[in-house]
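So that the names make sense, note that chain A is the first sequence line, chain B the second, and so on, each numbered from 1.
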Protein chains: 2
Amino acid sequence: MAGTRLDAIDRKILAELQADGRMTNVELAKRVGISAPPCLRRVRTLEDSGFIKGYHAQVDSRELGFEVQVFAMVGLVSQAEADLTAFENLCRSWPLVRECHMLNGEVDFILKCVAPDLSTFQSFLTGQLTSAENVASVKTSLVIRGAKDEPGVPFDILEERLSRTA
Amino acid sequence: MAGTRLDAIDRKILAELQADGRMTNVELAKRVGISAPPCLRRVRTLEDSGFIKGYHAQVDSRELGFEVQVFAMVGLVSQAEADLTAFENLCRSWPLVRECHMLNGEVDFILKCVAPDLSTFQSFLTGQLTSAENVASVKTSLVIRGAKDEPGVPFDILEERLSRTA
DNA sequence: CGTGAAAAGATTGCCGC
DNA sequence: GCGGCAATCTTTTCACG
């Protein structure tokens, strides 16, 4: 499961589905150069083995009324493993927190948050995040504007790297 | 286009497709409580009007060989508009940079980067990012582990908020 | 992996509200 | 404007080589 090797076709499938996750299987099969049935079998295998974790429509958050996007840097009082996972679980329970990553360096976690407006975010910040158990410090930065937002990974780099090794 | 109002069915469609972007249209229609043809028409309209910006398979970056994920905080020398957009365009040209957001506060931009390994990232950091025109400072933080990574927006919050207003 | 056939889904046109 | 029905075409899916 972990170290499973993917061949060139599998990687092409992943790249295509990352770029357009709603492509039909026949179209996908055509692009990767095999017929539809084996192509679908590969996709199922990639899903089952966890290489594909899901499919998501990318929505326009601002158009939908989420005007505010914020990065929050969080420092904890205790970095004991139990306290780290406790904070992670807290983040998972907060809908406004879309991403939570543990970092090295001065700060312990970075959170990406969205909110309909500033006051909603402020009340979350003061009422939930800053006042949560074990949270020592929170520094927030508002996103003024987004310049790039590409989900996933650059498959070009992967292929380039593989062709150098091969 | 901009201020177009969505009804409850449209919002349900968006929520469902955000959760599972590869759902069939009949399944989607069943879930939102209308028949397939009007459901498909709504989806097309949502795509054309930009509420849906695309569909993407979510891949496991680590399994795919992108072991390194880094947040980079970038400060620029000049924050004149032309210099800001120049830096944004630079970020768009770098495959390792997946996200670039302009921030308020001390730092000008936050970048989310991925790389196959540390040395690849380091050479990007020193060779491209730090040495780019107009870049004054770069502070990087390695992601030790990911705790939450939900694309999109919390539709629950949206509905809750709309029901309070209604 | 491919072929072929059967089932399911997508899509269009038309009707009524 | 909206959704539903029915016909048609495409895609998915399975059995088999």
Side-chain angles (χ1 to χ4, degrees), chain A residues 1 3-60 63-65 152 155 158-159 162-163 166, chain B residues 1-60 63-64 151-152 155 158-159 162-163 165-166:
Chain A
M1 237 183 300
T4 316
R5 258 306 217 299
L6 302 177
D7 63 15
I9 295 180
D10 288 322
R11 296 194 303 271
K12 190 88 197 298
I13 288 175
L14 291 172
E16 293 290 345
L17 286 180
Q18 176 178 279
D20 179 6
R22 225 175 147 72
M23 187 183 304
T24 66
N25 183 59
V26 272
E27 173 67 19
L28 180 61
K30 194 185 339 176
R31 294 196 186 196
V32 304
I34 59 180
S35 64
C39 184
L40 185 60
R41 285 194 288 261
R42 281 169 179 265
V43 172
R44 296 279 179 262
T45 304
L46 290 168
E47 290 166 355
D48 294 343
S49 55
F51 283 98
I52 297 177
K53 296 194 282 188
Y55 302 89
H56 309 281
Q58 187 182 20
V59 303
D60 188 318
E63 284 292 327
L64 264 161
F155 280 95
L158 189 63
E159 294 301 332
L162 286 171
S163 65
Chain B
M1 243 178 299
T4 316
R5 260 304 217 298
L6 303 178
D7 64 14
I9 295 180
D10 288 321
R11 295 194 303 272
K12 190 89 198 296
I13 287 175
L14 291 172
E16 293 290 345
L17 286 180
Q18 177 178 279
D20 180 4
R22 228 177 143 72
M23 187 183 305
T24 65
N25 183 57
V26 281
E27 173 67 18
L28 179 61
K30 194 186 337 177
R31 294 197 187 197
V32 304
I34 58 180
S35 64
C39 183
L40 184 60
R41 286 194 289 259
R42 280 170 179 265
V43 171
R44 296 280 179 259
T45 304
L46 290 168
E47 289 167 356
D48 294 343
S49 56
F51 283 98
I52 296 176
K53 297 195 282 188
Y55 301 90
H56 308 282
Q58 187 182 19
V59 304
D60 189 318
E63 284 292 326
L64 263 161
F155 280 95
L158 189 63
E159 294 301 330
L162 287 170
S163 64
T165 312

Colleague: Cut-off 3.5 Å, no hydrogens considered: what does the side-chain donor-acceptor table look like for residues 25-34 of chain B, sequence neighbours left out?
Modeller:
from: B:N25; atom 1: ND2; to: B:A36; atom 2: O; distance (Å): 3.1
from: B:E27; atom 1: OE2; to: B:R31; atom 2: NE; distance (Å): 2.7
from: B:E27; atom 1: OE2; to: B:R31; atom 2: NH2; distance (Å): 3.1
from: B:R31; atom 1: NH1; to: B:E16; atom 2: OE1; distance (Å): 3.1

Colleague: Could you tell me the boundaries of the chain B footprint on DNA chain D, defined by atoms under 4.0 Å from its heavy atoms?
Modeller: D:dC2 to D:dA6

Colleague: Looking at every heavy atom in both B:R11 and B:L6, which two are closest together, and how far apart are they?
Modeller: NH1-O, 3.2 Å

Colleague: Under the side chain to side chain contact (heavy atoms under 4.5 Å, CB included) rule, what do A:R41 and A:R44 come out as? Steps first, then yes or no, please.
Modeller: CA-CA 5 Å; A:R41 285 194 288 261; A:R44 296 279 179 262; 5.8 Å; no

Colleague: Can you name the nearest heavy-atom pair linking B:G21 to B:Y55, along with the distance?
Modeller: O-CD2, 3.8 Å

Colleague: Output all residues satisfying side chain to side chain donor-acceptor pair (under 3.5 Å) with A:R42, sequence neighbours left out; order by chain, then residue number.
Modeller: A:D7, A:D10

Colleague: Pairs counted only when both distances fall under 3.5 Å, Watson-Crick or G-U: show me the 5' to 3' dot-bracket for DNA chain C, [ ] for pseudoknotted crossings and | for other-strand partners.
Modeller: .||||.|||||||||||

Colleague: Of all heavy-atom pairs between A:V59 and B:Q18, which one has the smallest distance, and what is that distance?
Modeller: CG2-OE1, 3.6 Å

Colleague: Can you sort out the partners of B:Q58 under side chain to side chain donor-acceptor pair (under 3.5 Å), two or more places apart, ordered by chain and number?
Modeller: A:H56

Colleague: Which pair of heavy atoms, one from B:T24 and one from A:R22, lies closest together, and at what distance?
Modeller: C-NH2, 4.5 Å

Colleague: To the nearest 0.5 Å, how far apart are CD1 in A:I13 and CG in A:L46?
Modeller: 6.0 Å

Colleague: Find the distance between NZ (A:K53) and CG (B:D60) and round it off to the nearest 0.5 Å.
Modeller: 4.5 Å

Colleague: Can you give one letter per nucleotide of nucleotides 10-17 of chain C, 5' to 3': B if a protein heavy atom sits under 4.0 Å from the base, S if only from the sugar-phosphate, - if neither?
Modeller: SSB-----

